[in-house]
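All heavy atoms count here, side chains included; hydrogens, waters and symmetry mates do not.
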Amino acid sequence: MSVHCVLPSAGRSFSLSCPAAGLLRCLLTARTSITRRRNMSSKRQMDHLERTANNQRQNVVYPAQVCGIMNESETVKRLRLTAHPEFNFKAGQWVDFFIPGVEKVGGFSMCSSPGLLQREGVVELAVKFANHPPAHWVHTACKLGSQVAMRVGGDFYFDPSPSDPAVDLLLVAGGVGINPLYSILSHSADLLQLSRASGGRDFNIGSVHLCYSAKTTQELLFKNPILRACKEFPDKLTCEFHVTQQSTDIEPQLQPFVNRRRIGEPELETHVDPQRTLCYLCGPPPMIEAVSQILLGLGLPQDRILFEKWW
């Protein structure tokens with residue numbers, strides 16, 4: 001794999017806080033640690049580069065700068081990063097996340113849409129606390145102005161062309177698996193805005209339904225913007241939330257959208273049309289496997305069930 005590092009240029013500019021030689025050592029470590037074998041049953045926890053060795057990724061590593069840090073939940077921080085002018089991605093993809101001084105390379109899905117990048121020049125990542133060095137850095141050492149670098153990768157994305165026929169999307173998320181699916185949902189909302197502005201001439205967008213499961217409502221990331229998007233396009237975007245370990249009362253404004261059970265066949269079957277539905281799944285591997293079996297039993301072809309479960 002040929003890796004290029006883009007240094008500051010005209011437009012939004014950056015200066016990496018570590019010496020250039022240090023960044024190059026980081027990138028060389030990333031290259032040599034990638035293996036072409038994937039063994040999901042290994043007892044040793046595989047790192048991001050090993051898990052995604054067979055996925056496509058861009059050749060260019062772009063610098064970025066942290067411009068916002070928010071607490072999305074008690075265990076998840078959302079980062080806003082000012083991106084290099086040439087940085088680009090597709091809704092659903094992830095980044096190799098290089099941190100000066102941290103040997104391990106992180107792997108985080110973008111939770112923002114390509115439209116936000118076009119409008120504001122920023123991308124967003126939502127990172128759950130963990131002892132893994134990149135995630136630990138985000139929660140304990142990251143600050144406004146921190147310099148990092150990113151390289152886009154992933155085969156799990158939604159990137160329709162204006163001439164493509166409409167498909168109905170079924171998005172099924174578990175825990176922080178919402179990140180790439182929220183990017184896809186936000187991208188769909190952006191395309192619906194374009195279609196509305198053009199009188200339907202730009203994109204032919206079908207329906208989008210999100211099933212999202214977490215332990216409690218506090219751990220349902222992005223729930224308020226998700227509900228706002230569904231309210232803006234009620235005939236196109238719908239959602240339902242599931243909580244599996246909540247012992248307290250559910251907030252009144254969320255009650256119409258929340259089920260106290262796992263996602264199962266009753267929630268999925270009304271949103272599956274074998275001819276039109278394209279399903280994106282992201283979450284813990286046991287959930288992905290269970291939901292995939294349900295969808296296959298409902299007649300959805302295997303090639304219309306796309307999943308991401310590499311963490």
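- Of the possible polar contacts, none joining the Thr82 side chain to the Val122 backbone as a donor-acceptor pair under 3.5 Å is found.
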Inset, instruction - For the pair Phe241 and Leu227, evaluate side chain to side chain contact (heavy atoms under 4.5 Å, CB included) and give the outcome as yes or no after the intermediate values. - result: CA-CA 10 Å; Phe241 302 132; Leu227 291 174; 4.1 Å; yes
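- Residues Leu268 and Cys211 meet the side-chain proximity criterion, which asks for heavy atoms closer than 4.5 Å.
- Looking at heavy atoms from C-beta onward, Arg80 lies in side-chain contact with Leu116 at the 4.5 angstrom threshold.
- The heavy-atom pair separating Ser161 from Phe203 by the smallest distance is C-CE2, 3.8 Å.
- No hydrogens or angles considered: a donor-acceptor pair under 3.5 Å links the side chains of His48 and Asp96.
- Between Lys223 and Glu251, none of the side-chain N atoms (NZ, or NE/NH1/NH2) sits under 4.0 Å from a carboxylate O, so this pair counts as no salt bridge.
- Put simply, CD on Gln218 and CD on Gln246 are 7.5 Å apart, with the number rounded to the nearest 0.5 Å.
- Under the 4.5 Å side-chain heavy-atom criterion for ILVMFWY residues, no single connected hydrophobic cluster contains both Leu79 and Met70.
- Among all heavy-atom pairs drawn from Ile205 and Ala166, the shortest one is C-CB, 4.2 Å.
- Hydrophobic clustering of Ile, Leu, Val, Met, Phe, Trp and Tyr side chains at less than 4.5 Å, counting indirect connections, keeps Val176 apart from Phe129.
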Inset, instruction - Take Val102 and His136 through the side chain to side chain contact (heavy atoms under 4.5 Å, CB included) test and state the conclusion after the steps. - result: CA-CA 10 Å; Val102 177; His136 194 265; over 6 Å; no
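- Proximity of Leu296 to Gln302: side-chain heavy atoms (C-beta onward) are separated by under 4.5 Å at one or more points.
- Between the side chain of Ser146 and the backbone N or O of Lys143 there is at least one donor-acceptor pair closer than 3.5 Å.
- Judged by distance alone, the side chain of Glu124 and the main-chain N or O of Cys111 form no donor-acceptor pair under 3.5 Å.
- No side-chain heavy atom of Met150 sits under 4.5 Å from any side-chain heavy atom of Phe108.
- Phe257 and Cys239 make their closest contact through CD2-O, 4.3 Å (heavy atoms, listed as atom of the first residue, atom of the second, distance).
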Legend entry - side chain to side chain contact (heavy atoms under 4.5 Å, CB included) assessment of Leu306 paired with Tyr157: CA-CA 9 Å; Leu306 310 177; Tyr157 56 80; over 6 Å; no
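- In this structure the side chain of Leu281 reaches within 4.5 angstrom of the side chain of Leu295, judged on heavy atoms.
- A donor-acceptor distance shorter than 3.5 angstrom exists from the side chain of Arg57 to the backbone of Thr52, with no hydrogens or angles considered.
- In this structure, CG on Leu185 lies 11.5 Å from NE2 on His187, to the nearest 0.5 angstrom.
- The shortest distance between side-chain heavy atoms of Asp47 and Val105 does not fall below 4.5 Å.
- Of all heavy-atom pairs between Gly177 and Pro180, the closest is O-CD, 3.4 Å.
- Heavy-atom contacts from other residues, nucleotides or ligands closer than 6.0 Å to NZ of Lys128 number 12 or fewer.
- Note that CZ of Phe89 is 10.5 Å distant from OG of Ser109, once rounded to the nearest 0.5 Å.
- Residues Ala126 and Val76 come closest through the heavy atom pair CB-CG1, 3.9 Å.
- The side chain to side chain contact (heavy atoms under 4.5 Å, CB included) test with Val167 is passed by exactly one of Asp164, Leu169, Leu170: Leu169.
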Inset, instruction - Under the side chain to side chain contact (heavy atoms under 4.5 Å, CB included) rule, what do Leu221 and Tyr182 come out as? Steps first, then yes or no, please. - result: CA-CA 9 Å; Leu221 309 181; Tyr182 180 55; over 6 Å; no
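- Note that SG of Cys279 is 12.0 Å distant from CG of Asp168, once rounded to the nearest 0.5 Å.
- Counting non-hydrogen atoms of other residues, nucleotides and ligands closer than 6.0 Å to CD of Gln253 gives a total above 12.
- In this structure a side-chain-to-backbone donor-acceptor pair under 3.5 Å is present from His139 to Val127.
- Sparse packing is recorded around CD of Glu74, with 12 or fewer heavy atoms of other residues, nucleotides or ligands lying under 6.0 Å away.
- Taking a 6.0 Å sphere around CG of Asp249, one finds it holds 12 or fewer heavy atoms contributed by other residues, nucleotides or ligands.
- Glu267 pairs with exactly one of Arg262, Arg261, His242 by the side chain to side chain donor-acceptor pair (under 3.5 Å) rule, that one being Arg261.
- At least one side-chain heavy atom of Phe233 sits under 4.5 Å from a side-chain heavy atom of Gln193.
- For the pair Gln147 (side chain) and Pro100 (backbone), a donor-acceptor distance under 3.5 Å is absent.
- The nearest pair of heavy atoms linking Ala173 to Met287 is C-CE, 4.0 Å.
- With hydrogens and angles ignored, the 3.5 Å screen pairs a side-chain donor or acceptor of Ser198 with a backbone N or O of Ser195.
- Side chains of Thr217 and Thr248 form no contact here, defined as non-hydrogen atoms less than 4.5 Å apart.
- Remark: the backbone N or O of Ile250 is paired with a side-chain donor or acceptor of Gln255 at under 3.5 angstrom.
- For the atom pair CD (Glu72) and CG (Leu125), the distance works out to 12.0 Å, reported to the nearest 0.5 Å.
- Cluster membership check: Leu144 shares its hydrophobic cluster with Leu81, using side-chain heavy-atom separations under 4.5 Å among Ile, Leu, Val, Met, Phe, Trp and Tyr.
- To the nearest 0.5 angstrom, Leu171 atom CG is 11.0 Å from His271 atom NE2.
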